[in-house]
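Along the sequence shown, residues are numbered consecutively beginning with 1.
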Amino acid sequence: MIEFRWRAVTAAAGAVALTVAGVGVAEAAAAPPAFTFLAATPNVTAERYSDSEGVYIALDLGLHVIAGKDAFEIRAKRAGYDKPITAHQMVVKGGKKTPVALPAGTVTDFSGLKDFTTIVFKDKAGKVVTQYKTPFCGNSYSSGRTRRDAPATNPYPTRCGGENPFTLGAVWGVQAGWDATVTDQPMNGTGLSKLKAGKYTVTATVDAKYQKLFAIPANKATAKVTVTVVDVKNEEKRAAAASAAAAAKPKTAGGHGLHHGEGDASRQVSSRLAEFRAAASRPAQLKAVPATGPKPDLKSLPAWGISLAEGVNEKTGKPDGKWYVNFGATVWNAGTSPLLVDGFRRTGTELMDAYQYFFDAKGKQVGSRPAGTMEWDAREGHLHWHFTDFAQYNLLAADKKLAVRSGKEAFCLANTDAVDYTMAGAKWRPENTDLATSCGANTVVAVREVLDIGNGDTYSQDRPGQSFDITKLKNGTYYIQVLANPSKKLAELSTSNNTALRQIIIGGTAKKRTLTVPKVYGITG
């Protein structure tokens, strides 16, 4: 049986302060331990829904870690895609952050510290029903300070990273005196479906090697929670759970915010967010691009999440004889300045003049230059402003000549992927992370689109007109080309890294095409 997981915070977990292990949110601890592991409440309720599609479990064990006097910070990086990931803990020594290497094998991907927690479910008789291990990175949307003397803000990212197989570097952290949730769901999608209605004792334990690495006392490395699983028959709740579980499932290629299959008009709210609105007046124009100073550097990553899809007639729902190659395409900013483009509307039209802005080493704006246009896309599923000169996707034949061109040529920029947060100037908590925050409605007079340092923008090409139509192509070797800044209207540090190629092999027959995607740098994604 397929298991889908749906995460929900129970009322009990949300109402109980973090007072376990002597740490309370109301008062500062006299001498907080460097790293505390705890459960927020000893009792939680998990709602269980089942139907012909599978089992849905709404579970939150309320597991947390709390950083002590200093922030807990890990930096993971690989020098190249064919190189292993190395990780360092940033330890404060003499008032300065000093990197301390973590043992090899501690970090094997960008999801976090491997096998950080072991979680065991036992029934009333003490029999183990299910158990699994989970990683930990510390980055969290829902973190908060747990002592009154903790810093006011949290600088660390809100997500672990690694959704993109071509991620280069990640930063994970828990601010001093703040908490971070610990992953309590099985990563491989199995385990929770074994739970039936009833009461369970759950024991969560930090792995011994991490107890030693992070100075967690053995008697403070385990948390116990009593979980009561109840069956819920309510059809409305069950449907909501199924929908939430489906939405949480990874998308074929990308699945980042609203860049998977484009946008949702109901979420185009940037016109009401002051921080994403440019002044409705034409800026002073530089005579030339600044010869020195920070600039963005757009790099294309190899296409990923590549798949083959058979076309379907929208009216009949039956195959229409066409075949498509779907793919995810990422362009990221590896430069020394964010890419910031403001669009200024030509009054009464659905066209904007786009300008790229430049900054000095201190972040002070020094001027702007024309960078093409932005246009309103009124098609269903779009309904936002597109910057017309950001990227281009082509399918090249074996001789590298154009075979098929993607219909996707205009984009709304958003920081959908953390590609390398270890580089200097990387923005760990970007504001515009999906179409809802950066693309604008048709009622705006100006739009700002930003790609921050260390961040990438991924578009999933899985629609006719955007994916490659290979129906009439001969079998053979082809290359998916991701090309950034195709018209070179954007100023950047270098244009030598704007192109990335990914080999694919098309085979089969007209009635049944096949697709083979060779590894690149050992990466299959």
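Residues satisfying the side chain to side chain donor-acceptor pair (under 3.5 Å) criterion with Lys77, sequence neighbours excluded, are Asp420, Thr422. Under the salt bridge (Lys or Arg N to Asp or Glu O under 4.0 Å) criterion, Glu73 pairs with Arg75, Lys97, not counting sequence neighbours. Qualifying salt bridge (Lys or Arg N to Asp or Glu O under 4.0 Å) partners for Lys83, counting only residues two or more places apart in sequence or in other chains: none. For Thr349, the side chain to side chain contact (heavy atoms under 4.5 Å, CB included) partners at least two apart in sequence or on another chain are Arg346, Leu351. In this structure Asn497 satisfies the side chain to side chain donor-acceptor pair (under 3.5 Å) test together with Asp297, sequence neighbours excluded. Take Ser142 and apply the side chain to side chain donor-acceptor pair (under 3.5 Å) test, not counting sequence neighbours, and it matches Ser140. A search for salt bridge (Lys or Arg N to Asp or Glu O under 4.0 Å) contacts involving Arg345 returns nothing, not counting sequence neighbours. Partners of Lys488 according to the side chain to side chain donor-acceptor pair (under 3.5 Å) rule, which considers only residues two or more places apart in sequence or in another chain, do not exist here. For Thr316, the side chain to side chain contact (heavy atoms under 4.5 Å, CB included) partners two or more places apart in sequence, or in a different chain, are Asn313, Lys318. Scored by the ring-ring contact (aromatic ring centres under 6.0 Å, His included) test, Tyr479 finds no partners at all (sequence neighbours excluded).
Within the structure, the side-chain hydrogen bond (donor to acceptor under 3.5 Å, both in side chains) test picks out no pair touching residues 516-525 (sequence neighbours left out).
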Only pairs under 3.5 Å count here: list side-chain donor-acceptor contacts from residues 508-515, not counting sequence neighbours, and write none if there are none.
unit_1	atom_1	unit_2	atom_2	d
Thr509	OG1	Lys511	N	3.4
Thr509	OG1	Lys512	N	3.2
Arg513	NE	Gly507	O	3.3
Arg513	NH1	Ile470	O	3.1
Arg513	NH1	Thr471	O	3.4
Arg513	NH1	Leu473	O	3.3
Arg513	NH2	Leu473	O	3.0
Arg513	NH2	Asn475	OD1	2.9
Thr514	OG1	Gly507	N	3.4
Thr514	OG1	Gly507	O	3.4
Thr514	OG1	Gly508	N	3.2

